[in-house]
Each structure stands twice: as structure tokens, then as C-alpha cells.
Colleague: 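Attaching a single structure in C-alpha cells format; questions to follow.
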Amino acid sequence: QVQLVESGGGLVQAGGSLRLSCAASGRTSSSYAMGWFRQASGKEREFVGAVTGSGGYTDYADSVKGRFTISRDNAKNTVYLQMNRLKPEDTAVYYCAARSSGSYSENSYDYNYWGQGTQVTVSS
């Protein structure tokens, strides 16, 4: 019903920046809250951040607060994750997700649609 495709991942040195994009297609809605999650090799998927459908409110995990910023362009059906001052511990596959609700959640189970992920590797 909804397809999400992440892009923008890659290799960056510690302290550098990357901007991830998540393009949505299909039966999308600007009212959907969007979330970003990440999963390092051998570890559980963890919450990174989320934004409401309106884009007016954001929420971040403590580990990325102050370094990462989520934004969305509803006209382009795209959500972004700007990552600054990257650390090696940020290395993971990053996923975007959509929730059929205007409110965001930090629980991955509350999201209905998922992208396939994009690899982010931060070298020291």
C-alpha cells in the first residue's frame, strides 16, 4: 500500500555529516507520522527519531539528540534525517517507517510501513 525507499547512506568519518532521505509512494498521506530507526549488526532495532504528520513536532532518542534532525517535505512525500557530528557508534542500517497515525511513537511495532534500509558507516 505504501512503499518507502531510503537513500543517502554511505561511509563518513567521525564528526562528519550525512543526510538520509526517505521517499514515499503509493497510498501515502501527509497525516502519517514518520519515524527513523537503526539496527547495528547483531543488535536490536532501536528508535532514532520521529516527526508528526504536520512536521511541527519531533522526538529523538537521547543518543542522537542535538546531533540529528528530522524534517519532512509533504509536497515531495519525503522525510529526511540530517545527521551531524557522527560517531562510530552511529554505524547501522537506518530504516524509515510510516505510521498510520498523526502522532509519533518510539515503538517500532506501532509503525505500519517500512523501507529496506540504507547503510551508514562511520569510521574513526
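The analysis underlying the following values was restricted to heavy atoms, covering all of them including side chains, and did not include hydrogens, waters or symmetry mates.
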Colleague: Does the separation of the ring centres of Phe47 and Phe37 fall below 6.0 angstrom?
Modeller: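 Judged by ring-centre distance (under 6.0 Å), Phe47 and Phe37 do meet the cut-off.
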Colleague: Which residues satisfy the side-chain hydrogen bond (donor to acceptor under 3.5 Å, both in side chains) test with Ser108, sequence neighbours excluded?
Modeller: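 None.
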Colleague: Measure the spacing between CG of Leu81 and OH of Tyr95 and express it to the nearest 0.5 Å.
Modeller: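 Going from the CG atom of Leu81 to the OH atom of Tyr95 covers 14.5 Å.
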Colleague: Please check: side-chain N/O of Tyr111 versus main-chain N/O of Ser105, any donor-acceptor pairing under 3.5 Å?
Modeller: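 Yes, because the side chain of Tyr111 sits within donor-acceptor range (under 3.5 Å) of the backbone of Ser105.
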Colleague: The criterion is salt bridge (charged side-chain N to carboxylate O under 4.0 Å, His left out); which residues satisfy it with Lys65, sequence neighbours excluded?
Modeller: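 Lys65 satisfies salt bridge (charged side-chain N to carboxylate O under 4.0 Å, His left out) with Asp62 only.
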Colleague: Specify the closest pair of heavy atoms between Tyr104 and Thr58, including all atoms of both residues, with the distance to one decimal.
Modeller: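 Tyr104 and Thr58 have their closest heavy atoms at OH-O, 3.9 Å.
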Colleague: List the residues meeting side-chain contact (heavy atoms from CB on, under 4.5 Å) with Ala14, not counting sequence neighbours, and say none if there are none.
Modeller: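 Partners of Ala14 by the side-chain contact (heavy atoms from CB on, under 4.5 Å) criterion, ordered by chain and then number, come out as Pro88, Val122.
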Colleague: Sort and list the pairs that fulfil side-chain hydrogen bond (donor to acceptor under 3.5 Å, both in side chains) and have at least one residue in residues 4-23, not counting sequence neighbours.
Modeller: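 The answer is Ser17-Asn84.
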Colleague: For the residue pair Phe68 and Leu20, establish whether any side-chain heavy-atom pair is separated by less than 4.5 Å.
Modeller: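 Heavy-atom side-chain distance check fails, nothing below 4.5 Å.
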Colleague: Where is the tightest heavy-atom contact between Leu4 and Ala24, given as atom of each residue plus distance?
Modeller: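 The answer is CD2-CB, 3.6 Å.
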Colleague: Under the salt bridge (charged side-chain N to carboxylate O under 4.0 Å, His left out) rule, collect the residues that match up with Asp59, sequence neighbours excluded.
Modeller: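 By the salt bridge (charged side-chain N to carboxylate O under 4.0 Å, His left out) rule, Asp59 matches no residue at all.
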Colleague: Any chance you could measure Gln3, atom CD, to Asn77, atom CG, to the nearest 0.5 Å?
Modeller: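 Between atom CD of Gln3 and atom CG of Asn77 there are 11.5 Å.
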Colleague: With Glu46, which residues qualify under salt bridge (charged side-chain N to carboxylate O under 4.0 Å, His left out), at least two apart?
Modeller: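 Glu46: salt bridge (charged side-chain N to carboxylate O under 4.0 Å, His left out) contacts with Arg38.
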Colleague: Which pairs pass disulfide bond (SG atoms under 2.5 Å apart) with one or both residues in residues 62-91, sequence neighbours excluded?
Modeller: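 Residue pairs with at least one partner in residues 62-91: there are none.
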Colleague: According to salt bridge (charged side-chain N to carboxylate O under 4.0 Å, His left out), does anything in residues 66-88 pair up with another residue at least two apart or in another chain? List the pairs.
Modeller: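 As it turns out, the salt bridge (charged side-chain N to carboxylate O under 4.0 Å, His left out) pairs with a partner in residues 66-88, which skip direct neighbours, are Arg67-Asp90.
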Colleague: Scan residues 26-84 for pairs that pass disulfide bond (SG atoms under 2.5 Å apart), counting only residues two or more places apart or in two chains.
Modeller: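 Qualifying pairs: none.
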Colleague: For residues 113-124, which residue pairs pass the side-chain hydrogen bond (donor to acceptor under 3.5 Å, both in side chains) check, not counting sequence neighbours?
Modeller: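 Residue pairs passing side-chain hydrogen bond (donor to acceptor under 3.5 Å, both in side chains), neighbours aside: Gln1-Tyr113, Gln119-Thr121.
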Colleague: For Ile70 versus Tyr60, what's the shortest heavy-atom pair and its separation?
Modeller: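 Here Ile70 and Tyr60 meet closest at N-OH, 2.8 Å.
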Colleague: Among residues two or more places apart or on two chains, list those pairs meeting disulfide bond (SG atoms under 2.5 Å apart) that have a residue in residues 82-124.
Modeller: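 Found Cys22-Cys96.
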Colleague: Starting from Leu18, can I reach Tyr94 by hopping between I/L/V/M/F/W/Y residues whose side chains sit under 4.5 Å apart?
Modeller: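 Same cluster: Tyr94 reaches Leu18 through Ile, Leu, Val, Met, Phe, Trp or Tyr contacts under 4.5 Å.
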Colleague: Is there a side chain to side chain contact (heavy atoms under 4.5 Å, CB included) between Tyr32 and Asn112? Walk through the geometry before answering.
Modeller: CA-CA 10 Å; Tyr32 284 16; Asn112 306 100; over 6 Å; no
Colleague: Holding to side-chain hydrogen bond (donor to acceptor under 3.5 Å, both in side chains), I want the full list of residues that pass it with Ser103, two or more places apart in sequence or in another chain.
Modeller: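 Here the qualifying residues are Arg99, Ser101.
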